[in-house]
Amino acid sequence: MRTIRFFHSADEVFDADIEHSIAVVADVLRATTTIVTALANGCRKVIPVVKVEEARQTAALLPKSEIILGGERKGERIDGFDFGNSPQDYTRKAIADKIVVTTTTNGTKALVNAGRAKQTLVLSFLNMTAVADYVLQREEDVALVAAGIYGEFSLEDSVCCGFLMDNQVTASPEQFSMDDQAARILTLSREYKGRVNELMHNSPHGKFLQRLGYESDLAFCARVDACQIVPLYASGCVKTIARH
Ligand code: MLT
């Protein structure tokens with residue numbers, strides 16, 4: 001029997017024992033959607049870091065012509081950075097063959113904190129089925145990590161994790177047992193089946209992004225299965241390991 005555990009924030013996963021699990025990290029508005037988009041559009045790799053200064057220093061070590069420095073604080077582009085955290089900026093024209101260095105408030109922290117798992121995968125609505133299929137094929141326990149918001153629960157990340165669970169549990173119920181949090185999130189997520197766009201618009205962070213003028217990001221981030229890549233975070237960077 002494989003266990004599925006749910007962690008509601010980057011901070012919660014930090015202290016947990018996840019070394020023996022596959023971790024799947026979701027920050028759908030917008031960090032993991034941006035990472036998935038950048039990789040789908042041909043960037044060589046994404047280097048997620050926690051602090052702004054660390055991002056600047058990491059970028060400074062690499063040839064300037066090969067780097068895109070991206071990320072956000074309070075939802076907005078950081079001073080001196082090439083891009084903010086809008087996935088729509090990471091077009092093929094802008095980032096093909098580049099290395100993206102990024103820091104975001106919760107998403108990159110969640111990835112780095114989950115980096116001790118056996119494998120750490122990057123999940124968004126865009127690559128939901130590709131990641132679910134990949135995880136299903138592995139004989140490992142699963143740690144689902146919603147990046148959350150400043151250590152608190154975030155609706156869209158949790159529902160995204162719930163969809164992944166639904167995909168797995170429905171496909172293979174005899175394989176999995178869930179902890180209490182995971183079972184609750186699975187039930188919650190079923191309320192949003194077919195309603196991802198509405199979910200994005202009604203979530204507190206979605207409302208915050210709308211106030212900042214990023215409304216079109218919400219529909220972009222809501223495109224379930226728009227691409228079929230499985231990004232793996234290992235040795236400090238994210239690369240695509242599987243394409244279905
Ligand atoms: C985060 O890491 O908190 C986010 O992805 C914030 C955002 O860009 O909307």
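Start at 1 with the first residue, then count along the sequence. Atoms within a ligand are numbered from 1 in the order they appear, just like the ligands themselves.
Within 4.0 Å of ligand 1, protein heavy atoms belong to D27, L29, R30, A31, E72, N85, T104, T105, N106, G107, H205, L209, listed by chain and number.
Scanning both residues, S158 and F153, for their nearest heavy atoms gives OG-CE1, 3.1 Å. Of all heavy-atom pairs spanning R2 and L136, the tightest one is NH1-O, 3.3 Å.
Checked for salt-bridge contact, E66 and R44 meet the test: a charged N lies under 4.0 Å from a carboxylate O. The pair D11-K109 meets the salt-bridge criterion, with a side-chain N (NZ, NE, NH1 or NH2) lying under 4.0 Å from an Asp/Glu carboxylate O.
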Less than 3.5 Å apart, which donor and acceptor atoms pair up between the side chains of residues 17-29 and the rest of the protein, not counting sequence neighbours?
from: E19; atom 1: OE2; to: R116; atom 2: NH1; distance (Å): 3.2
from: S21; atom 1: OG; to: R5; atom 2: NH2; distance (Å): 3.3
from: D27; atom 1: OD2; to: G107; atom 2: N; distance (Å): 3.1

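One hydrophobic cluster, built from ILVMFWY side chains closer than 4.5 Å, cannot hold both V49 and L39; they sit in different ones.
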